[in-house]
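This structure is a prediction, so every number in the text was calculated from the model and none was measured.
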Amino acid sequence: MGEHLSAIGDTAHAIKILEASKQFYVSYRSFLSTADAYYQSGNIAGAISNLDILSNMIPNKFYPKYELAKLYYKSGDTIKGDPMARLILSMPVKKLSSDVNDMKNEITHILNLRTQK
């Protein structure tokens, strides 16, 4: 229900439902959906909080860390963004995928832009 509400733009109600659902059903999808709803509502801190928990819950997944790094940079937090970016680039790839390659390339690009300043 929370994902549906988020999809139709009712993020305030979506967040309430998704947060409540995490009390009973802890999953990758529940935290990712909640982070997305927070992001859609403009609450970057809420999105970061959910992605941080998710990236620690499943440490070998690239996507939560990738989104987290991008949000750190979007919010101006390079103190957390740079180490997360370096962690992503140092993570071993268990299964070759164009998605992981794209994420690593984007993070490399972001770090290169930061070091050129």
S.K.: Same cluster or not: are L96 and Y63 linked, directly or through other Ile, Leu, Val, Met, Phe, Trp or Tyr residues, by side-chain heavy atoms under 4.5 angstrom apart?
M.R.: yes
S.K.: Donor-acceptor pairs are to be reported for all side-chain atoms of residues 87-95 against protein atoms at under 3.5 Å, with residues two or more places apart or in another chain.
M.R.:
from	atom 1	to	atom 2	distance (Å)
S90	OG	R86	O	3.4
S90	OG	L87	O	2.9

S.K.: Would a distance-only check, ignoring hydrogens and angles, find a side-chain to backbone donor-acceptor pair under 3.5 Å from Y72 to K80?
M.R.: no
S.K.: Rounded to the nearest 0.5 Å, how far apart are OG1 of T34 and CG of L51?
M.R.: 10.0 Å
S.K.: Starting at CG of N60, measure out to OG of S55 and round the result to the nearest 0.5 Å.
M.R.: 11.5 Å
S.K.: So how far is it from S49 OG to L71 CG, rounded to the nearest 0.5 Å?
M.R.: 11.5 Å
S.K.: Please collect all salt bridge (charged side-chain N to carboxylate O under 4.0 Å, His left out) contacts where either partner lies in residues 12-35, sequence neighbours excluded, each pair once.
M.R.: E3-R29, E19-K22
S.K.: Hey, does the side chain of T108 reach the backbone of K104 with a donor-acceptor pair shorter than 3.5 angstrom?
M.R.: yes
S.K.: I need the L54 CG to N50 CG distance, nearest 0.5 Å.
M.R.: 8.0 Å
S.K.: Kindly compute the distance separating OG (S98) from CG (D102), expressed to the nearest 0.5 Å.
M.R.: 5.5 Å
S.K.: Treat each ILVMFWY residue as a node, draw an edge where side-chain heavy atoms are under 4.5 Å apart, and state whether I17 and Y28 are in one component.
M.R.: no
S.K.: Taking S30 for its side chain and V26 for its backbone only, find out whether a donor-acceptor pair lies under 3.5 Å.
M.R.: no
S.K.: Supply the members, apart from Y25, of the Ile/Leu/Val/Met/Phe/Trp/Tyr cluster built from side-chain contacts under 4.5 Å; use none for a lone residue.
M.R.: none
S.K.: Side chain of D52, backbone of I48: donor and acceptor closer than 3.5 Å?
M.R.: no
S.K.: Could I get the full list of side-chain hydrogen bond (donor to acceptor under 3.5 Å, both in side chains) partners for K74, not counting sequence neighbours?
M.R.: Y39
S.K.: Could you state the interatomic distance from CG (N105) to CD1 (I110), rounded to the nearest 0.5 Å?
M.R.: 11.0 Å
S.K.: For S6 and A14, work out which heavy atoms get closest and say how close.
M.R.: N-CB, 3.5 Å
S.K.: Look at atom CD1 of I79 and say whether more than 12 heavy atoms of other residues, nucleotides or ligands are closer to it than 6.0 Å.
M.R.: no
S.K.: Side-chain heavy atoms under 4.5 Å apart, restricted to Ile/Leu/Val/Met/Phe/Trp/Tyr: what other residues fall into the cluster of I15, or is it alone?
M.R.: Y38
S.K.: Could you see if L18 belongs to whatever hydrophobic cluster contains F24? Use Ile, Leu, Val, Met, Phe, Trp, Tyr and a side-chain cutoff under 4.5 Å.
M.R.: no
S.K.: Any chance the side chains of D36 and Q40 put a donor and an acceptor closer than 3.5 Å?
M.R.: yes
S.K.: Kindly determine whether M103 and I107 satisfy side-chain contact (heavy atoms from CB on, under 4.5 Å), including the steps that lead there.
M.R.: CA-CA 6 Å; M103 286 183 253; I107 292 299; 5.5 Å; no
S.K.: According to salt bridge (charged side-chain N to carboxylate O under 4.0 Å, His left out), does anything in residues 53-71 pair up with another residue at least two apart or in another chain? List the pairs.
M.R.: E67-K70
S.K.: Would you please test L5 and I8 for side-chain contact (heavy atoms from CB on, under 4.5 Å) and show each step?
M.R.: CA-CA 5 Å; L5 290 170; I8 63 171; 4.2 Å; yes
